[in-house]
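Per chain, numbering begins at 1; letters A, B, ... match sequence-line order. Everything numeric in this text was worked out from a predicted model, so none of it was measured.
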Amino acid sequence: MACLALKGLLLAASPGAGEEVGSYAVTGDAIMEPLVGGKGDPARGAALISDRQRSLCTLCHSGPFPDAHLHGTLAPDLTGVGARLSEGQIRLRVVDMKRLVPNTIMPSYYRVEDEQGRRVATVWRSKPILSGDDILDIGAYLTTLKG
Amino acid sequence: MHALWPLAAVGAAAICGIVSAAGIEDGEERSGVDFMTPETQALQADDMSNPGMLWVLQGEQLWQQAEGRADVACAGCHDDASQTMRGVAARYSAFDAATERPIDLAGRINSCRAERQQAEPLAPESDALLALTAYVAHQSRGMPITPATDARLAPFRDNGRRLFQSRIGQLELSCASCHDDDWGKRLGGSVIPQAHPTGYPLFRLEWQTVGSLQRRLRNCMIGVRAEPLDLELHLTERARGLLVETPAVRP
(Lines give C-alpha, C1' and ligand atoms only; values in the text may rest on other atoms or scores of the structure.)
Protein backbone atom coordinates (compact mmCIF):
# COMPACT_ATOMS: atom_id res chain seq x y z
CA MET A 1 0.00 0.00 0.00
CA ALA A 2 1.47 3.33 -1.06
CA CYS A 3 0.82 5.79 1.75
CA LEU A 4 2.86 8.93 2.31
CA ALA A 5 2.58 10.88 5.53
CA LEU A 6 2.50 14.56 4.55
CA LYS A 7 1.96 17.32 7.11
CA GLY A 8 -0.56 15.21 9.03
CA LEU A 9 -2.31 14.18 5.85
CA LEU A 10 -2.20 10.71 4.39
CA LEU A 11 -1.80 10.78 0.67
CA ALA A 12 -2.84 7.55 -0.98
CA ALA A 13 -1.71 6.94 -4.51
CA SER A 14 -2.98 4.10 -6.61
CA PRO A 15 -0.09 2.03 -7.94
CA GLY A 16 -0.31 1.36 -11.63
CA ALA A 17 -4.05 1.85 -11.89
CA GLY A 18 -3.75 4.43 -14.63
CA GLU A 19 -6.38 7.16 -14.76
CA GLU A 20 -9.07 5.03 -13.19
CA VAL A 21 -8.33 5.79 -9.56
CA GLY A 22 -7.10 9.24 -8.64
CA SER A 23 -5.19 10.12 -5.50
CA TYR A 24 -6.86 11.72 -2.52
CA ALA A 25 -5.96 13.00 0.91
CA VAL A 26 -7.28 11.49 4.13
CA THR A 27 -7.77 13.81 7.10
CA GLY A 28 -8.71 12.00 10.30
CA ASP A 29 -11.53 9.66 9.30
CA ALA A 30 -12.61 11.71 6.27
CA ILE A 31 -11.71 12.67 2.71
CA MET A 32 -12.50 16.39 2.77
CA GLU A 33 -12.13 17.12 -0.95
CA PRO A 34 -14.39 15.47 -3.54
CA LEU A 35 -12.60 12.92 -5.72
CA VAL A 36 -13.76 14.67 -8.89
CA GLY A 37 -15.00 18.12 -9.84
CA GLY A 38 -18.62 19.08 -10.36
CA LYS A 39 -21.71 18.86 -8.22
CA GLY A 40 -23.13 15.57 -7.02
CA ASP A 41 -26.55 14.45 -8.27
CA PRO A 42 -28.53 13.05 -5.31
CA ALA A 43 -31.21 11.48 -7.54
CA ARG A 44 -28.62 9.50 -9.47
CA GLY A 45 -26.96 8.61 -6.17
CA ALA A 46 -30.25 7.23 -4.83
CA ALA A 47 -30.67 5.08 -7.94
CA LEU A 48 -27.09 3.82 -7.64
CA ILE A 49 -27.50 2.84 -3.98
CA SER A 50 -30.39 0.58 -4.96
CA ASP A 51 -28.56 -0.92 -7.94
CA ARG A 52 -27.94 -4.48 -6.77
CA GLN A 53 -25.61 -5.30 -9.66
CA ARG A 54 -23.42 -2.22 -9.66
CA SER A 55 -23.10 -0.66 -6.22
CA LEU A 56 -24.31 -3.74 -4.30
CA CYS A 57 -25.00 -1.45 -1.28
CA THR A 58 -28.41 -2.89 -0.43
CA LEU A 59 -27.12 -6.46 -0.60
CA CYS A 60 -25.64 -5.67 2.83
CA HIS A 61 -27.30 -2.44 4.04
CA SER A 62 -30.90 -1.58 4.79
CA GLY A 63 -32.18 1.99 4.81
CA PRO A 64 -34.92 4.24 3.41
CA PHE A 65 -34.63 2.63 -0.04
CA PRO A 66 -37.17 0.76 -2.20
CA ASP A 67 -37.75 -3.01 -1.89
CA ALA A 68 -37.02 -3.34 1.83
CA HIS A 69 -37.55 -7.12 1.66
CA LEU A 70 -34.46 -7.33 -0.58
CA HIS A 71 -32.17 -5.45 1.83
CA GLY A 72 -29.39 -7.41 3.48
CA THR A 73 -28.70 -7.66 7.21
CA LEU A 74 -24.90 -7.72 7.01
CA ALA A 75 -24.28 -4.03 7.71
CA PRO A 76 -25.62 -1.02 9.67
CA ASP A 77 -28.91 0.56 8.56
CA LEU A 78 -28.15 3.74 6.63
CA THR A 79 -31.22 5.64 7.87
CA GLY A 80 -30.04 8.99 9.22
CA VAL A 81 -26.44 8.44 8.09
CA GLY A 82 -26.31 12.06 6.86
CA ALA A 83 -26.89 13.24 10.43
CA ARG A 84 -24.28 10.89 11.92
CA LEU A 85 -21.51 11.44 9.37
CA SER A 86 -20.26 14.40 7.30
CA GLU A 87 -19.94 14.16 3.52
CA GLY A 88 -16.18 13.69 3.85
CA GLN A 89 -16.60 10.90 6.40
CA ILE A 90 -19.08 9.12 4.15
CA ARG A 91 -16.66 9.54 1.24
CA LEU A 92 -13.82 7.73 3.03
CA ARG A 93 -16.16 4.93 4.13
CA VAL A 94 -17.24 4.26 0.56
CA VAL A 95 -13.77 4.79 -0.93
CA ASP A 96 -11.88 2.49 1.44
CA MET A 97 -13.58 1.24 4.61
CA LYS A 98 -10.56 -0.99 5.27
CA ARG A 99 -8.62 2.06 6.44
CA LEU A 100 -11.02 2.39 9.36
CA VAL A 101 -11.97 -1.25 9.94
CA PRO A 102 -9.15 -3.41 8.53
CA ASN A 103 -11.11 -6.68 8.54
CA THR A 104 -14.41 -5.20 7.34
CA ILE A 105 -16.48 -7.05 4.75
CA MET A 106 -17.43 -3.76 3.09
CA PRO A 107 -15.63 -3.61 -0.27
CA SER A 108 -13.19 -0.76 -0.93
CA TYR A 109 -15.03 0.89 -3.81
CA TYR A 110 -12.28 3.17 -5.04
CA ARG A 111 -9.12 1.19 -4.71
CA VAL A 112 -7.17 -1.03 -7.07
CA GLU A 113 -4.46 -2.75 -5.09
CA ASP A 114 -2.94 -6.10 -4.26
CA GLU A 115 -4.79 -7.77 -7.11
CA GLN A 116 -2.05 -10.38 -7.38
CA GLY A 117 -3.15 -13.57 -5.71
CA ARG A 118 -6.71 -12.36 -5.30
CA ARG A 119 -7.89 -14.07 -8.48
CA VAL A 120 -9.85 -11.03 -9.67
CA ALA A 121 -11.91 -12.06 -12.72
CA THR A 122 -10.47 -10.63 -15.93
CA VAL A 123 -13.36 -8.29 -16.69
CA TRP A 124 -13.03 -6.57 -13.32
CA ARG A 125 -9.24 -6.38 -13.20
CA SER A 126 -7.52 -3.01 -12.66
CA LYS A 127 -10.82 -1.21 -12.20
CA PRO A 128 -12.29 0.35 -9.09
CA ILE A 129 -15.79 -0.91 -8.24
CA LEU A 130 -17.25 2.59 -8.59
CA SER A 131 -16.00 5.72 -10.34
CA GLY A 132 -15.28 9.07 -8.72
CA ASP A 133 -18.51 10.42 -10.25
CA ASP A 134 -20.53 7.54 -8.81
CA ILE A 135 -19.11 8.20 -5.36
CA LEU A 136 -19.83 11.92 -5.67
CA ASP A 137 -23.50 11.19 -6.41
CA ILE A 138 -23.83 8.55 -3.68
CA GLY A 139 -22.33 11.02 -1.18
CA ALA A 140 -24.68 13.79 -2.33
CA TYR A 141 -27.63 11.47 -1.70
CA LEU A 142 -26.51 9.96 1.62
CA THR A 143 -25.92 13.41 3.15
CA THR A 144 -29.62 14.14 2.58
CA LEU A 145 -30.57 11.26 4.92
CA LYS A 146 -30.89 13.31 8.09
CA GLY A 147 -33.17 11.08 10.11
CA MET B 1 -31.07 -17.75 13.56
CA HIS B 2 -29.70 -14.29 14.20
CA ALA B 3 -28.84 -15.15 17.76
CA LEU B 4 -26.47 -17.85 16.57
CA TRP B 5 -24.11 -16.08 14.25
CA PRO B 6 -22.03 -13.87 16.62
CA LEU B 7 -20.55 -16.95 18.29
CA ALA B 8 -19.40 -18.21 14.94
CA ALA B 9 -17.93 -14.88 13.88
CA VAL B 10 -15.67 -14.50 16.88
CA GLY B 11 -14.35 -18.04 16.49
CA ALA B 12 -13.54 -17.62 12.82
CA ALA B 13 -11.63 -14.39 13.20
CA ALA B 14 -9.50 -15.79 15.98
CA ILE B 15 -8.58 -19.24 14.72
CA CYS B 16 -8.87 -18.82 10.99
CA GLY B 17 -6.76 -21.42 9.19
CA ILE B 18 -6.07 -23.68 12.14
CA VAL B 19 -9.19 -25.79 12.53
CA SER B 20 -11.07 -27.03 9.50
CA ALA B 21 -14.50 -26.07 10.82
CA ALA B 22 -13.32 -22.69 12.15
CA GLY B 23 -16.25 -20.34 12.42
CA ILE B 24 -18.95 -22.94 12.77
CA GLU B 25 -19.03 -24.34 16.26
CA ASP B 26 -19.25 -28.09 16.79
CA GLY B 27 -22.88 -29.08 16.75
CA GLU B 28 -23.89 -25.92 14.85
CA GLU B 29 -23.34 -27.39 11.37
CA ARG B 30 -26.55 -27.09 9.42
CA SER B 31 -27.50 -28.05 5.91
CA GLY B 32 -28.82 -25.41 3.53
CA VAL B 33 -32.21 -27.09 3.85
CA ASP B 34 -32.56 -25.59 7.35
CA PHE B 35 -32.36 -22.05 5.97
CA MET B 36 -35.12 -22.46 3.40
CA THR B 37 -38.78 -21.49 3.60
CA PRO B 38 -41.20 -24.25 4.67
CA GLU B 39 -42.55 -24.31 1.09
CA THR B 40 -39.14 -25.07 -0.43
CA GLN B 41 -38.42 -27.60 2.34
CA ALA B 42 -41.68 -29.37 1.49
CA LEU B 43 -40.73 -29.43 -2.18
CA GLN B 44 -37.51 -31.26 -1.34
CA ALA B 45 -39.06 -33.61 1.19
CA ASP B 46 -41.76 -35.06 -1.05
CA ASP B 47 -40.36 -37.25 -3.85
CA MET B 48 -43.57 -36.78 -5.83
CA SER B 49 -43.05 -33.00 -5.99
CA ASN B 50 -39.23 -32.80 -5.85
CA PRO B 51 -38.29 -31.91 -9.44
CA GLY B 52 -34.80 -33.36 -8.90
CA MET B 53 -36.37 -36.83 -8.82
CA LEU B 54 -36.90 -36.57 -12.59
CA TRP B 55 -33.11 -36.61 -12.99
CA VAL B 56 -32.78 -39.50 -10.54
CA LEU B 57 -35.32 -41.50 -12.56
CA GLN B 58 -33.55 -40.66 -15.82
CA GLY B 59 -30.29 -41.76 -14.17
CA GLU B 60 -31.86 -45.07 -13.20
CA GLN B 61 -32.64 -45.72 -16.87
CA LEU B 62 -29.18 -44.68 -18.02
CA TRP B 63 -27.66 -47.00 -15.42
CA GLN B 64 -29.26 -49.95 -17.22
CA GLN B 65 -28.41 -48.80 -20.73
CA ALA B 66 -25.51 -50.43 -22.61
CA GLU B 67 -23.16 -47.81 -24.05
CA GLY B 68 -19.98 -47.39 -26.03
CA ARG B 69 -17.82 -49.77 -28.04
CA ALA B 70 -17.78 -52.14 -25.07
CA ASP B 71 -21.60 -52.20 -25.24
CA VAL B 72 -21.91 -52.52 -21.50
CA ALA B 73 -24.16 -50.70 -19.01
CA CYS B 74 -23.08 -49.32 -15.62
CA ALA B 75 -25.22 -52.15 -14.25
CA GLY B 76 -23.14 -54.63 -16.25
CA CYS B 77 -20.20 -54.01 -13.92
CA HIS B 78 -21.89 -52.60 -10.81
CA ASP B 79 -25.16 -54.53 -10.84
CA ASP B 80 -27.78 -53.21 -8.39
CA ALA B 81 -26.90 -49.60 -7.53
CA SER B 82 -28.92 -49.68 -4.32
CA GLN B 83 -26.36 -52.23 -3.07
CA THR B 84 -23.13 -51.30 -4.82
CA MET B 85 -23.42 -47.49 -4.84
CA ARG B 86 -24.72 -47.09 -1.30
CA GLY B 87 -22.34 -44.79 0.60
CA VAL B 88 -20.19 -43.86 -2.39
CA ALA B 89 -21.36 -40.23 -2.64
CA ALA B 90 -21.03 -39.84 1.13
CA ARG B 91 -17.26 -40.36 0.90
CA TYR B 92 -16.44 -38.72 -2.47
CA SER B 93 -14.27 -37.00 -3.82
CA ALA B 94 -11.59 -39.70 -4.08
CA PHE B 95 -7.95 -39.71 -5.20
CA ASP B 96 -7.50 -40.75 -8.81
CA ALA B 97 -4.20 -42.62 -9.18
CA ALA B 98 -4.16 -42.18 -12.96
CA THR B 99 -4.22 -38.38 -12.91
CA GLU B 100 -2.74 -38.04 -9.39
CA ARG B 101 -5.56 -35.64 -8.59
CA PRO B 102 -8.84 -35.71 -6.71
CA ILE B 103 -11.78 -36.90 -8.77
CA ASP B 104 -15.40 -36.10 -7.99
CA LEU B 105 -18.36 -38.37 -8.54
CA ALA B 106 -19.22 -36.97 -11.98
CA GLY B 107 -15.56 -37.29 -12.96
CA ARG B 108 -15.51 -40.92 -11.85
CA ILE B 109 -18.68 -41.65 -13.84
CA ASN B 110 -17.06 -40.11 -16.90
CA SER B 111 -13.84 -42.05 -16.43
CA CYS B 112 -15.86 -45.31 -16.26
CA ARG B 113 -17.56 -44.24 -19.47
CA ALA B 114 -14.25 -43.67 -21.22
CA GLU B 115 -12.35 -46.66 -19.89
CA ARG B 116 -14.94 -49.39 -19.31
CA GLN B 117 -17.71 -48.47 -21.74
CA GLN B 118 -15.34 -46.95 -24.30
CA ALA B 119 -17.83 -44.19 -24.94
CA GLU B 120 -17.44 -40.43 -25.39
CA PRO B 121 -17.36 -38.55 -22.08
CA LEU B 122 -20.56 -36.76 -21.11
CA ALA B 123 -20.38 -32.96 -21.14
CA PRO B 124 -20.21 -31.18 -17.78
CA GLU B 125 -23.72 -30.04 -16.74
CA SER B 126 -25.32 -32.22 -19.43
CA ASP B 127 -28.62 -33.78 -18.40
CA ALA B 128 -27.20 -37.28 -18.80
CA LEU B 129 -24.20 -36.65 -16.53
CA LEU B 130 -26.32 -34.84 -13.93
CA ALA B 131 -28.88 -37.66 -14.08
CA LEU B 132 -26.33 -40.43 -13.54
CA THR B 133 -24.58 -38.46 -10.80
CA ALA B 134 -27.90 -37.72 -9.09
CA TYR B 135 -28.91 -41.38 -9.32
CA VAL B 136 -25.64 -42.59 -7.79
CA ALA B 137 -25.65 -39.90 -5.08
CA HIS B 138 -29.29 -40.64 -4.29
CA GLN B 139 -28.20 -44.13 -3.17
CA SER B 140 -26.49 -42.42 -0.20
CA ARG B 141 -29.44 -40.25 0.79
CA GLY B 142 -29.73 -40.12 4.58
CA MET B 143 -26.17 -41.28 5.19
CA PRO B 144 -23.70 -39.03 7.04
CA ILE B 145 -20.98 -37.39 4.94
CA THR B 146 -17.71 -39.16 5.83
CA PRO B 147 -14.94 -37.89 3.54
CA ALA B 148 -12.27 -40.32 2.38
CA THR B 149 -9.20 -40.38 4.65
CA ASP B 150 -6.72 -41.05 1.79
CA ALA B 151 -3.57 -39.14 2.76
CA ARG B 152 -2.92 -38.20 -0.86
CA LEU B 153 -6.00 -35.95 -0.73
CA ALA B 154 -4.63 -33.91 2.16
CA PRO B 155 -2.62 -31.33 0.18
CA PHE B 156 -5.60 -30.59 -2.08
CA ARG B 157 -7.95 -30.32 0.89
CA ASP B 158 -5.55 -28.02 2.74
CA ASN B 159 -5.21 -25.81 -0.30
CA GLY B 160 -9.00 -25.61 -0.50
CA ARG B 161 -9.22 -24.60 3.14
CA ARG B 162 -6.68 -21.84 2.57
CA LEU B 163 -8.56 -20.55 -0.46
CA PHE B 164 -11.89 -20.72 1.40
CA GLN B 165 -10.44 -18.33 3.95
CA SER B 166 -8.61 -16.03 1.51
CA ARG B 167 -10.12 -12.78 0.36
CA ILE B 168 -10.65 -13.07 -3.36
CA GLY B 169 -12.12 -11.21 -6.30
CA GLN B 170 -12.73 -7.55 -6.88
CA LEU B 171 -14.95 -7.44 -3.76
CA GLU B 172 -12.18 -8.95 -1.58
CA LEU B 173 -14.49 -11.27 0.27
CA SER B 174 -13.63 -14.79 1.36
CA CYS B 175 -16.07 -17.67 1.29
CA ALA B 176 -15.58 -17.73 5.06
CA SER B 177 -16.63 -14.05 5.39
CA CYS B 178 -20.13 -15.12 4.53
CA HIS B 179 -20.38 -18.85 5.20
CA ASP B 180 -18.39 -19.09 8.46
CA ASP B 181 -18.85 -15.62 9.94
CA ASP B 182 -22.24 -14.41 8.75
CA TRP B 183 -24.38 -17.46 7.99
CA GLY B 184 -27.99 -16.96 8.96
CA LYS B 185 -27.86 -13.26 8.03
CA ARG B 186 -29.27 -12.02 4.75
CA LEU B 187 -27.37 -10.99 1.64
CA GLY B 188 -30.02 -9.02 -0.18
CA GLY B 189 -33.14 -11.19 -0.12
CA SER B 190 -31.25 -14.48 0.40
CA VAL B 191 -30.42 -16.12 3.71
CA ILE B 192 -26.72 -17.06 3.78
CA PRO B 193 -26.38 -20.81 4.41
CA GLN B 194 -23.22 -22.52 5.70
CA ALA B 195 -22.30 -23.76 2.20
CA HIS B 196 -22.41 -27.49 2.87
CA PRO B 197 -22.53 -29.60 -0.29
CA THR B 198 -25.17 -31.97 1.07
CA GLY B 199 -27.56 -32.26 -1.82
CA TYR B 200 -25.71 -32.16 -5.16
CA PRO B 201 -26.59 -32.43 -7.92
CA LEU B 202 -29.65 -30.42 -6.83
CA PHE B 203 -32.58 -28.57 -8.30
CA ARG B 204 -32.15 -24.83 -7.89
CA LEU B 205 -35.31 -22.77 -8.30
CA GLU B 206 -33.27 -19.86 -9.61
CA TRP B 207 -31.87 -22.10 -12.38
CA GLN B 208 -35.13 -23.94 -12.94
CA THR B 209 -33.02 -27.05 -13.44
CA VAL B 210 -30.60 -29.44 -11.78
CA GLY B 211 -26.96 -28.39 -11.51
CA SER B 212 -23.68 -29.58 -10.00
CA LEU B 213 -21.75 -28.29 -7.00
CA GLN B 214 -19.23 -26.84 -9.47
CA ARG B 215 -21.97 -24.74 -11.04
CA ARG B 216 -23.15 -23.54 -7.61
CA LEU B 217 -19.60 -22.58 -6.64
CA ARG B 218 -19.22 -20.58 -9.83
CA ASN B 219 -22.27 -18.54 -8.79
CA CYS B 220 -20.60 -17.41 -5.57
CA MET B 221 -17.26 -16.81 -7.31
CA ILE B 222 -18.91 -14.67 -9.96
CA GLY B 223 -20.63 -12.93 -7.04
CA VAL B 224 -17.32 -11.85 -5.54
CA ARG B 225 -15.96 -11.22 -9.06
CA ALA B 226 -13.21 -13.84 -8.84
CA GLU B 227 -11.80 -16.51 -11.14
CA PRO B 228 -13.10 -20.01 -10.34
CA LEU B 229 -11.31 -22.24 -7.82
CA ASP B 230 -11.65 -25.84 -6.75
CA LEU B 231 -13.02 -26.21 -3.25
CA GLU B 232 -14.96 -29.43 -3.32
CA LEU B 233 -12.70 -31.44 -1.00
CA HIS B 234 -12.58 -28.78 1.67
CA LEU B 235 -16.34 -28.25 1.53
CA THR B 236 -16.93 -31.97 1.97
CA GLU B 237 -14.61 -32.04 4.98
CA ARG B 238 -16.47 -29.06 6.49
CA ALA B 239 -19.74 -30.94 6.01
CA ARG B 240 -18.55 -34.15 7.72
CA GLY B 241 -21.47 -35.80 9.50
CA LEU B 242 -24.26 -33.93 7.72
CA LEU B 243 -26.65 -36.18 5.81
CA VAL B 244 -26.67 -36.61 2.04
CA GLU B 245 -29.90 -35.20 0.54
CA THR B 246 -29.52 -35.74 -3.20
CA PRO B 247 -31.56 -34.64 -5.00
CA ALA B 248 -31.94 -31.55 -2.82
CA VAL B 249 -33.91 -28.42 -3.71
CA ARG B 250 -32.54 -24.92 -3.07
CA PRO B 251 -33.89 -21.41 -3.70
Tell me, with the steps shown, if Ile168(B) and Val120(A) meet side chain to side chain contact (heavy atoms under 4.5 Å, CB included). CA-CA 7 Å; Ile168(B) 55 169; Val120(A) 179; over 6 Å; no

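- The residue among Leu56(A), Thr58(A), Val123(A) with the most heavy atom pairs within less than 4.5 Å of chain B is Leu56(A).
- Remark: Glu227(B) engages Arg125(A) in a salt bridge, criterion side-chain N to carboxylate O under 4.0 Å.
- Once rounded to the nearest 0.5 Å, the distance linking NE2 of His71(A) with CG of Leu187(B) reads 12.5 Å.
- For Thr73(A) (side chain) and Lys185(B) (main-chain N/O), no donor-acceptor pair under 3.5 Å exists by modelled atom type.
- Counting heavy-atom neighbours within 6.0 Å of Lys39(A) NZ, excluding the residue itself, gives a total of 12 or less.
- For Met32(A), the CE atom sits in a loose shell: 12 or fewer heavy atoms of surrounding residues, nucleotides or ligands are nearer than 6.0 Å.
- Residue Leu171(B) touches chain A through both its backbone and its side chain, counting heavy-atom pairs closer than 4.5 Å.
- Closest approach of Arg167(B) to Thr104(A), counting heavy atoms only: NH2-O, 2.8 Å.
- Side chain of Arg225(B) to main chain of Ala121(A): no donor-acceptor pair is present (N/O by atom type, distance under 3.5 Å, no hydrogens or angles).
- At a 4.5 Å heavy-atom cutoff, the contact between Thr122(A) and chain B is made by backbone and side-chain atoms alike.
- Within a 6.0 Å sphere centred on CD of Glu33(A), other residues, nucleotides and ligands contribute 12 heavy atoms or fewer.
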Passes side chain to side chain contact (heavy atoms under 4.5 Å, CB included), Glu172(B) versus Arg111(A)? Steps please. CA-CA 11 Å; Glu172(B) 284 186 81; Arg111(A) 198 183 73 149; 2.7 Å; yes

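- Contact detail for Ile105(A) and Leu173(B): the closest heavy-atom pair is O-CD2, 3.3 Å.
- Arg119(A) approaches Leu229(B) most closely through the heavy-atom pair NE-CD2, 2.6 Å.
- Checked by atom type and distance alone, the side chain of Gln170(B) pairs as donor or acceptor with a backbone atom of Lys127(A) at under 3.5 Å.
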